[in-house]
Structures are given as structure tokens and as C-alpha cells.
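In this text the structure is predicted, and so the values were computed from the model without any measurement. Computed from heavy atoms alone, side chains included, the values below leave out hydrogens, waters and symmetry copies.
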Amino acid sequence: QVQLVESGGGLAQDGGSLRLSCAASGGTVSAYAMGWFRQAPGKERALVAAVSRSGDTTYYADSVKGRFAISKDSAKNTVYLRMNSLKPEDTAVYYCAARWVPFYSGSSYFTSYDYWGQGTQVTVSS
């Protein structure tokens with residue numbers, strides 16, 4: 001059973017930056033495709049960024065392309081989401097998720113995940 005714990009959320013100014021962390025235990029991030037989702041009030045949870053098992057392939061939602069960057073640190077067993085040029089519409093609860101995939105999978109985009117963190121709030125003020 002993989003446990004995921006997010007941190008790094010908080011309040012940021014319009015145009016500011018934050019870095020979210022997702023620390024994994026009970027499993028190694030190098031064996032999973034990892035994703036960051038977000039859910040704003042009244043909206044469905046949506047995938048914003050994902051990274052393949054190897055870390056070589058990434059996916060970004062159009063709304064965050066060029067502003068967000070996902071990365072894996074296998075040594076720290078942690079996945080990061082660097083968020084730059086934040087906008088008020090980025091305000092949401094951000095969730096980390098893991099999906100086991102075979103070693104030969106180079107895919108980063110998946111619609112279902114096996115394990116979820118508890119979420120961290122990101123609020124961007126205008």
C-alpha cells in the first residue's frame with residue numbers, strides 16, 4: 001500500500017510561484033506513473049500534470065503548459081510540481097496520485113490512478 005503526502009500549498013500572489021511536494025512511502029515512485037490533479041470548488045477533479053514511470057515523459061493540461069513542471073526525485077522518493085506565473089484560476093485543492101505501470105511503460109497520461117494523497121490547498125490572490 002502506497003501512502004502519498006502532499007505539502008507546499010498555501011497562499012500566493014497573482015504571478016507568483018509555489019512548489020508542491022508529494023512524499024511517497026510503502027512504495028517507490030520509480031515504479032509508478034505519477035500525476036497531480038486539482039479540484040476547484042464546484043468543479044470536477046482534473047489532471048494537470050503527469051510523469052511516466054521512468055520520468056522521461058510528461059503530460060500537461062493546456063491550462064498549465066509552460067507554467068507548471070512536474071518532476072521525480074527517486075532518491076528522495078518524492079514528486080514535485082513547480083508552479084510559476086500563478087493565476088487566480090489555479091486556486092484549488094491539489095492532489096498527488098500514483099498508478100502502478102509495468103517497467104516498459106513510457107506513458108505519462110492515464111485516466112485512473114491507484115493511490116491518492118489527502119490534498120493540499122493552493123490559493124492565488126489577485
Side-chain angles (χ1 to χ4, degrees):
Q1 186 80 5
V2 176
Q3 290 84 43
L4 303 172
V5 178
E6 302 97 334
S7 60
L11 179 64
Q13 298 283 346
D14 190 354
S17 298
L18 285 174
R19 188 182 76 162
L20 304 183
S21 299
C22 172
S25 60
T28 173
V29 298
S30 60
Y32 294 84
M34 303 294 296
W36 282 98
F37 288 74
R38 68 185 181 189
Q39 186 168 21
K43 294 187 177 181
E44 293 187 353
R45 188 158 53 185
L47 179 66
V48 295
V51 61
S52 63
R53 172 172 170 150
S54 66
D56 292 340
T57 305
T58 56
Y59 162 85
Y60 296 98
D62 288 343
S63 58
V64 306
K65 276 181 184 176
R67 301 189 297 122
F68 289 13
I70 188 171
S71 61
K72 273 188 184 182
D73 186 333
S74 296
K76 295 184 178 181
N77 213 25
T78 299
V79 177
Y80 302 99
L81 184 67
R82 179 67 180 179
M83 305 186 295
N84 296 326
S85 302
L86 283 164
K87 304 174 182 180
E89 50 264 44
D90 294 319
T91 295
V93 178
Y94 283 72
Y95 298 90
C96 176
R99 175 187 169 115
W100 184 87
V101 295
F103 72 92
Y104 51 81
S105 172
S107 298
S108 59
Y109 180 80
F110 297 97
T111 57
S112 65
Y113 284 76
D114 303 313
Y115 304 102
W116 293 85
Q118 82 290 348
T120 185
Q121 176 71 45
V122 171
T123 303
V124 184
S125 62
S126 56

Note to self: Starting from Val5 and following side-chain heavy-atom contacts under 4.5 Å between hydrophobic residues (I, L, V, M, F, W, Y), which residues can be reached?
What the structure shows: none

Checklist line | side chain to side chain donor-acceptor pair (under 3.5 Å) against Ser126, all qualifying residues, sequence neighbours excluded | finding: none

Check: Is there a donor-acceptor pair closer than 3.5 Å between any side-chain N or O of Glu6 and the backbone N or O of Gln118?
Finding: yes

Next item on the list: May I have all residue pairs that pass disulfide (SG to SG under 2.5 Å) and include part of residues 9-55, sequence neighbours excluded?
Entry: Cys22-Cys96

Next item on the list: Can you run down the salt bridge (charged side-chain N to carboxylate O under 4.0 Å, His left out) pairs that involve residues 43-52, sequence neighbours left out, and say none if there aren't any?
Entry: none

Item checked: Approximate separation, where rounding is to 0.5 Å, of Leu11 CG and Gln121 CD -> 10.0 Å

Notebook entry, point to check: Residues two or more places apart in sequence or in another chain: which of them pass side chain to side chain contact (heavy atoms under 4.5 Å, CB included) with Ala49?
Noted result: Tyr60, Ile70, Leu81

Note to self: Connecting only ILVMFWY residues whose side-chain heavy atoms lie within less than 4.5 Å of each other, what is the rest of Tyr104's hydrophobic cluster?
What the structure shows: Phe103

Check: Which heavy-atom pair separates Leu4 from Tyr115 by the least distance, and what is that distance?
Finding: CD1-O, 3.6 Å

Next item on the list: For Met34 and Ala98, work out which heavy atoms get closest and say how close.
Entry: SD-CB, 3.5 Å

Notebook entry, point to check: Who are the ring pair (Phe, Tyr, Trp, His ring centres under 6.0 Å) partners of Tyr113, not counting sequence neighbours?
Noted result: Phe37

Next item on the list: If the plane angle is over 60° it's perpendicular, under 30° parallel, otherwise tilted; pick one for Trp116 and Tyr95.
Entry: perpendicular

Note to self: Which heavy atom of Ala50 sits nearest to which heavy atom of Ser108, and what is that distance?
What the structure shows: CB-O, 3.1 Å

Check: Can you name the nearest heavy-atom pair linking Gly26 to Val2, along with the distance?
Finding: O-CG2, 4.0 Å

Note to self: To the closest 0.5 Å, what do you measure between CG (Leu20) and CH2 (Trp36)?
What the structure shows: 4.5 Å

Check: Looking at Arg99 and Phe110, what are the two nearest heavy atoms and their distance?
Finding: NE-CD2, 3.3 Å

Item checked: Linked, directly or transitively: Val93 and Met83 (ILVMFWY side chains, under 4.5 Å) -> no

Checklist line | Residue pairs passing the salt bridge (charged side-chain N to carboxylate O under 4.0 Å, His left out) test where at least one lies in residues 113-126, sequence neighbours excluded | finding: none

Check: Just by modelled atom types, is the Ser30 backbone N or O under 3.5 Å from a matching donor or acceptor in the Asn77 side chain?
Finding: no

Notebook entry, point to check: According to the salt bridge (charged side-chain N to carboxylate O under 4.0 Å, His left out) rule, which pairs have a member within residues 67-96, sequence neighbours left out?
Noted result: Arg38-Asp90, Arg67-Asp90

Check: Of all residues at least two apart in sequence or in a different chain, which pass the side chain to side chain contact (heavy atoms under 4.5 Å, CB included) check with Ala46?
Finding: none

Notebook entry, point to check: Is the backbone N or O of Pro102 less than 3.5 Å from a side-chain atom of Ser105, with the two atoms forming a donor-acceptor pair by type?
Noted result: no

Check: How would you list, by chain and number, every residue that makes a side chain to side chain contact (heavy atoms under 4.5 Å, CB included) with Gln13, sequence neighbours excluded?
Finding: Ser125

Margin query: Minimum heavy-atom separation for Ser52 and Gly106, please, with both atom names.
Written below: CB-O, 3.6 Å

Note to self: Strictly distance-based, threshold 3.5 Å: is any side-chain N or O of Thr57 a donor or acceptor partner for the main-chain N or O of Ser107?
What the structure shows: no

Notebook entry, point to check: Of all residues at least two apart in sequence or in a different chain, which pass the side chain to side chain contact (heavy atoms under 4.5 Å, CB included) check with Ser21?
Noted result: Ser7, Arg19, Thr78, Tyr80

Next item on the list: Find out whether Leu86 and Phe68 are in side-chain contact, i.e. whether some heavy atom of one side chain is under 4.5 Å from a heavy atom of the other.
Entry: yes

